[in-house]
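Notes follow the structure.
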There are 2 protein chains.
Amino acid sequence: MLLRTNTSSIRPVDGHLAALAGERVVCSEFKYRRGTEVFGEGEEAEYVYQIISGAVRTYKLLADGRRQINSFHLPGDMFGLENGATHRFTAEAVIETRVRITRRRGLLETMQSRQSGASSFLGLVTRNLQHAENHMLLLGRKTALERVAAFLLELDERLGHPTILVLPMSRRDIADYLGLTLETVSRACSILRDQKMLRFDGATQRQIVLLDRKGLAEYDA
Amino acid sequence: MLLRTNTSSIRPVDGHLAALAGERVVCSEFKYRRGTEVFGEGEEAEYVYQIISGAVRTYKLLADGRRQINSFHLPGDMFGLENGATHRFTAEAVIETRVRITRRRGLLETMQSRQSGASSFLGLVTRNLQHAENHMLLLGRKTALERVAAFLLELDERLGHPTILVLPMSRRDIADYLGLTLETVSRACSILRDQKMLRFDGATQRQIVLLDRKGLAEYDA
DNA sequence: GAGCGGATTTGATCTGCAGCAACTAAGGTG
DNA sequence: CACCTTAGTTGCTGCAGATCAAATCCGCTC
């Protein structure tokens with residue numbers, strides 16, 4: 001829900017959302033504290049979001065609490081744009097996150113009347129689908145080590161191969177993304193560390209230096 | 001490749017493909033024998049397909065042969081319509097399958113110039129995405145019994161709750177769709193049979209009568 | 001900077017599913 | 001119909017990863 005967050009500013013900005021619609025669109029900025037819900041599964045899809053800073057997880061739950069994270073969204077990424085009227089999963093801020101928000105209605109109408117808008121919407125959905133197809137292969141057929149290696153390489157790629165990979169999410173989040181337990185993720189990281197594929201930077205376990213991307217890619221079957 | 005199949009007829013027909021484009025489109029009918037490839041991963045996406053009869057599986061492979069089936073396509077379903085230029089997975093006929101084929105190029109151009117076409121293309125991609133999201137939850141977090149129950153209910157639903165559910169695919173196909181082994185699928189079916197959730201009809205193991213859809217739905221967490 | 005609570009690692013044990021093997025059943029062929 | 005090939009079931013054993021438990025570490029707050 002929007003009201004639980006403090007509005008940092010409400011002003012028109014342009015960015016990817018505007019580019020998607022092919023023209024300037026009125027947006028507002030919002031901030032979500034770590035762990036807070038951006039929207040819930042089944043809620044009406046009223047807004048569309050683009051991350052300015054921070055990270056968001058989207059997930060589905062089973063009745064007994066088992067959780068599957070579909071995807072993590074990082075700065076620049078858009079999420080929450082549904083074709084139907086309601087959200088098909090829940091979105092939460094992994095860490096303190098600033099987002100740019102715009103109303104779905106205006107955006108979709110604009111897109112329907114403009115060529116480039118419709119096709120970039122389509123491109124967005126297609127990229128999501130492509131990611132999901134790859135992730136099904138990972139979840140259905142890869143081993144724990146292969147999954148963790150693939151995850152690190154995916155994040156490394158999306159962040160533009162930084163020297164230090166700063167993970168915004170916990171081991172439990174990674175586990176729920178990879179269909180594993182947090183202990184198994186932790187053990188896999190330790191194995192990769194022992195094999196000099198990576199090293200932890202500084203005190204934290206959340207800052208990782210990838211020492212052998214090629215070796216990791218071989219793990220990622 | 002198309003040339004390996006025998007062309008049953010080349011004539012304009014209308015159907016869902018035409019409806020998608022918002023007008024009549026020239027299509028041909030093709031037939032694929034059981035186990036033959038419709039198109040391969042990485043191939044240029046030249047055609048779009050709609051199943052008249054039979055069934056098709058689409059899948060990805062890992063280097064060592066592990067296979068993950070994304071989805072099964074049944075009569076009426078369309079597949080092979082990519083946004084990019086190449087197919088992201090392989091498609092094979094599960095059993096003898098007749099399809100309606102049209103060139104992607106003409107279809108996409110038609111759609112770009114027509115409102116309804118673009119939005120039904122979007123609807124198609126969105127449905128695929130939605131299916132993938134649900135399947136990730138299954139692959140990441142459900143038990144073997146839950147997966148098999150979910151599979152049977154999915155097929156039952158898609159075939160319109162027939163009295164006898166005729167499975168076109170083998171236990172191995174089901175296993176590769178559910179991220180299990182064929183033995184585990186077989187055992188799960190036996191358990192559900194012993195629990196009177198289902199029964200095999202006639203001689204075959206491919207004809208199943210669902211005796212307790214509600215009970216199955218409870219397994220499907 | 002001392003103390004607290006959550007995050008992570010690591011170890012020990014357990015278990016659901018995989019892997020292997022043998023058997024049975026079913027469809028296809030001459 | 002007899003044969004053969006492929007699909008499916010079932011039993012047995014093994015293992016990857018889950019679960020349980022403990023110790024350690026880290027960031028946070030006061």
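Quick caveat, the model's predicted, so the values are computed rather than measured. Chain naming here is simple, since letters A, B, ... match the order of the sequence lines and numbering starts at 1 in each.
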Measure [atom1]/[X] against [atom2]/[N] and give the value in whole Å, please.
X       : N       : atom1 : atom2 : value
D64(A)  : dT19(D) : CG    : C1'   : 15 Å
R206(B) : dA7(D)  : CZ    : C1'   : 7 Å
K142(B) : dA18(D) : NZ    : P     : 18 Å
D176(A) : dA18(D) : CG    : P     : 11 Å
D194(B) : dT9(D)  : CG    : P     : 11 Å
I95(B)  : dA7(D)  : CD1   : C1'   : 15 Å
R66(A)  : dT19(D) : CZ    : C1'   : 15 Å

Assess, by modelled atom type and distance only, whether the side chains of [X] and [Y] contain a donor and an acceptor separated by less than 3.5 Å.
X       : Y       : value
T184(B) : R187(B) : no
E44(B)  : H87(B)  : no
Y49(B)  : R100(B) : no
E41(A)  : Y59(A)  : no

Bend angle of the helix from dG1(C)-dC30(D) to dG30(C)-dC1(D), from helix axes over five pairs at each end, nearest 10°: 50°
For [X], report the nucleic acid contact type (base, sugar-phosphate, nothing); a contact means any heavy atom under 4.0 Å.
X       : value
L182(B) : base
S186(A) : base
G179(A) : sugar-phosphate
R147(B) : nothing

[X]/[Y] ion pair, N-O < 4.0 Å:
X       : Y       : answer
R67(B)  : D173(B) : yes
R158(B) : E154(B) : yes
R147(B) : D220(B) : no
R141(B) : D176(A) : yes
K196(B) : D212(B) : no
E146(A) : R66(B)  : yes

Closest-nucleotide 5' rank along DNA chain D - winner of T143(A) and S170(B):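 It is S170(B) whose nearest nucleotide is closer to the 5' end.
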G202(A) vs F200(B), nearer the 5' end of DNA chain D by closest nucleotide: F200(B)
Outermost nucleotides of DNA chain C that come under 4.0 Å of a non-hydrogen atom of chain B: dC17(C) to dG27(C)
Protein proximity profile, nucleotides 20-25 of chain D - base contact B, sugar-phosphate-only contact S, no contact -, cut-off 4.0 Å on heavy atoms: B-----
Presence of T184(A) side-chain N/O under 4.0 Å of dA18(D) phosphate oxygens OP1/OP2: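 T184(A) to dA18(D) OP1/OP2: side-chain N or O found under 4.0 Å.
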Phosphate OP1/OP2 of dA18(D) contacted by T181(A) side-chain N/O (<4.0 Å):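 Answer is yes, contact under 4.0 Å.
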Closest-nucleotide 5' rank along DNA chain C - winner of S190(A) and R141(A):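 It is S190(A), whose closest nucleotide lies nearer the 5' terminus.
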Residue closer to the 5' end of DNA chain C, L145(B) versus R171(A) (nearest nucleotide):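 This one resolves to R171(A).
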Test item: H73(A) side-chain N/O and G54(A) main-chain N/O as donor-acceptor pair under 3.5 Å: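 Absent.
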Pi-cation contact, F72(A) with R57(A) (under 6.0 Å, within 45°): no
